[in-house]
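Just so it is clear, the model here is predicted, and its values are computed rather than measured.
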Amino acid sequence: MSDDQFTNPLAAIPPTGRIMGLDLGTKTIGVAVSDGMRYSATPLETIKRTKFTADAIRLDELIAQNAIVAIVLGLPLNMDGSEGPRVQSTRAFARSLGQRITLPIAFWDERLSTSAVTRMMIQADLRRDRRAEIVDKLAASYILQGALDRLRPR
């Protein structure tokens with residue numbers, strides 16, 4: 001990583017175009033996309049993980065269907081900011097994906113994204129089974145929205 005990527009993890013993202021957000025879990029990948037103006041992130045789908053190749057093929061399809069120019073991948077840092085095994089797994093996934101696609105992949109701190117989304121769903125009185133169906137794509141949307149807010153000119 002360059003010094004600029006440490007101070008601004010979104011430095012490699014092109015100035016225009018739609019961005020995809022990913023919440024990488026062990027069993028699923030939550031997917032969200034931005035609108036063309038990059039104002040909002042919209043949950044798109046939850047991919048049930050199988051083998052990397054199958055997961056990557058589905059991501060390729062979504063990238064093409066949505067004219068994606070960059071990916072923001074949630075980075076599951078520990079609460080103290082340190083990196084654990086899940087971060088290593090996420091970085092390995094990004095390296096593998098980066099060998100298949102030419103788009104920039106940026107990491108965005110995802111601490112508390114799932115718990116924040118779960119709290120919102122509980123407040124909205126969603127049933128537990130419905131929450132389980134949509135939590136990953138909503139977490140991806142939450143992660144992407146944070147990145148979009150950071151990218152927006154002040």
Side-chain angles (χ1 to χ4, degrees), residues 1-2 4-14 17-35 38-63 65-122 126 130-152:
M1 262 190 159
S2 70
D4 194 32
Q5 286 175 295
F6 282 117
T7 56
N8 179 7
L10 305 175
I13 292 182
R18 297 178 77 189
I19 303 170
M20 177 179 281
L22 300 177
D23 178 38
L24 187 66
T26 55
K27 296 180 182 170
T28 60
I29 302 170
V31 183
V33 295
S34 74
D35 62 296
R38 295 186 178 174
Y39 287 117
S40 62
T42 302
L44 187 61
E45 77 174 60
T46 300
I47 299 169
K48 299 278 187 243
R49 292 190 72 181
T50 55
K51 290 186 171 15
F52 172 78
T53 302
D55 301 343
I57 287 170
R58 182 61 188 142
L59 289 172
D60 290 342
E61 293 166 354
L62 294 173
I63 288 166
Q65 289 168 5
N66 292 282
I68 299 299
V69 300
I71 294 175
V72 172
L73 183 55
L75 194 64
L77 298 170
N78 293 325
M79 289 308 292
D80 64 1
S82 65
E83 296 188 5
R86 286 192 59 228
V87 169
Q88 294 169 0
S89 173
T90 299
R91 289 190 191 281
F93 180 88
R95 278 191 301 277
S96 296
L97 188 60
Q99 292 172 358
R100 292 181 57 94
I101 64 172
T102 58
L103 304 178
I105 300 173
F107 294 105
W108 191 252
D109 184 352
E110 73 164 42
R111 282 178 285 184
L112 302 178
S113 61
T114 301
S115 59
V117 166
T118 301
R119 258 193 319 278
M120 288 187 296
M121 290 189 296
I122 289 170
L126 282 176
R130 182 69 181 130
R131 290 195 310 255
E133 288 174 19
I134 64 174
V135 68
D136 298 310
K137 65 183 177 182
L138 288 176
S141 180
Y142 186 91
I143 291 162
L144 180 55
Q145 189 64 53
L148 294 174
D149 292 347
R150 169 78 181 269
L151 285 167
R152 196 165 299 121

Does the side chain of Gln145 reach to within under 4.5 Å of the side chain of Tyr39, using non-hydrogen atoms?
no
Point-to-point distance, once rounded to the nearest 0.5 Å, from CG of Leu24 to CZ of Arg86:
8.0 Å
Closest non-hydrogen atom pair, Ser40 against Asp35
N-OD1, 2.6 Å
When you look at Arg49 and Thr26, which way does the side-chain contact (heavy atoms from CB on, under 4.5 Å) test go after all the steps?
CA-CA 7 Å; Arg49 292 190 72 181; Thr26 55; 5.6 Å; no
Arg100 and Asp60 ion-paired at < 4.0 Å
yes
Which heavy atom of Gly74 sits nearest to which heavy atom of Thr90, and what is that distance?
O-CG2, 3.5 Å
Over all heavy atoms of both residues, which pair between Pro104 and Ala12 is shortest? Give the atoms and the distance, please.
CG-O, 3.4 Å
Can you tell me how far the CD atom of Glu45 sits from the CG atom of Leu62, to the nearest 0.5 Å?
4.5 Å
Distance, nearest 0.5 Å, that separates CG of Leu75 from CD of Glu83
6.0 Å
Is there side-chain contact between Leu103 and Ile68, with at least one heavy-atom pair below 4.5 Å?
yes
Would you call Leu151 and Arg38 a side-chain contact if the rule is heavy atoms closer than 4.5 Å?
yes
With side chains defined as the heavy atoms from C-beta onward, is the minimum distance between Arg150 and Trp108 less than 4.5 Å?
yes
Rounded to the nearest 0.5 Å, how far does CD1 of Ile105 lie from CG of Leu73?
7.0 Å
Using 0.5 Å steps for rounding, measure from the CD1 atom of Ile143 to the CG atom of Leu22.
8.5 Å
A cation-pi test, strictly: NZ or CZ of Arg91 under 6.0 Å from the centre of the six-membered ring of Phe107 and no more than 45 degrees from its axis. Yes or no?
yes
Where is the tightest heavy-atom contact between Lys137 and Ala32, given as atom of each residue plus distance?
O-CB, 4.2 Å
Any side-chain heavy-atom pair of Ser34 and Leu144 under 4.5 Å:
yes
Are side-chain heavy atoms of Leu148 and Val72 found at a separation under 4.5 Å?
no
Looking at CD1 of Ile71 and CG of Leu59, how far apart are the two atoms once the value is rounded to the nearest 0.5 Å?
6.5 Å
Can you tell me if Asp136 and Thr28 form a side-chain donor-acceptor pair at under 3.5 Å?
yes
Can you find a pair of side-chain heavy atoms, one from Arg18 and one from Val69, that are under 4.5 Å apart?
no
Would you say that Leu77 contacts Ser82 through its side chain, given a criterion of any heavy-atom pair below 4.5 Å between the two side chains?
no
So which atom in Ala147 and which in Leu10 form the shortest heavy-atom distance, rounded to 0.1 Å?
O-CD1, 3.5 Å
Hey, is Asp55 close enough to Arg58 for a salt bridge, meaning N to O under 4.0 Å?
no
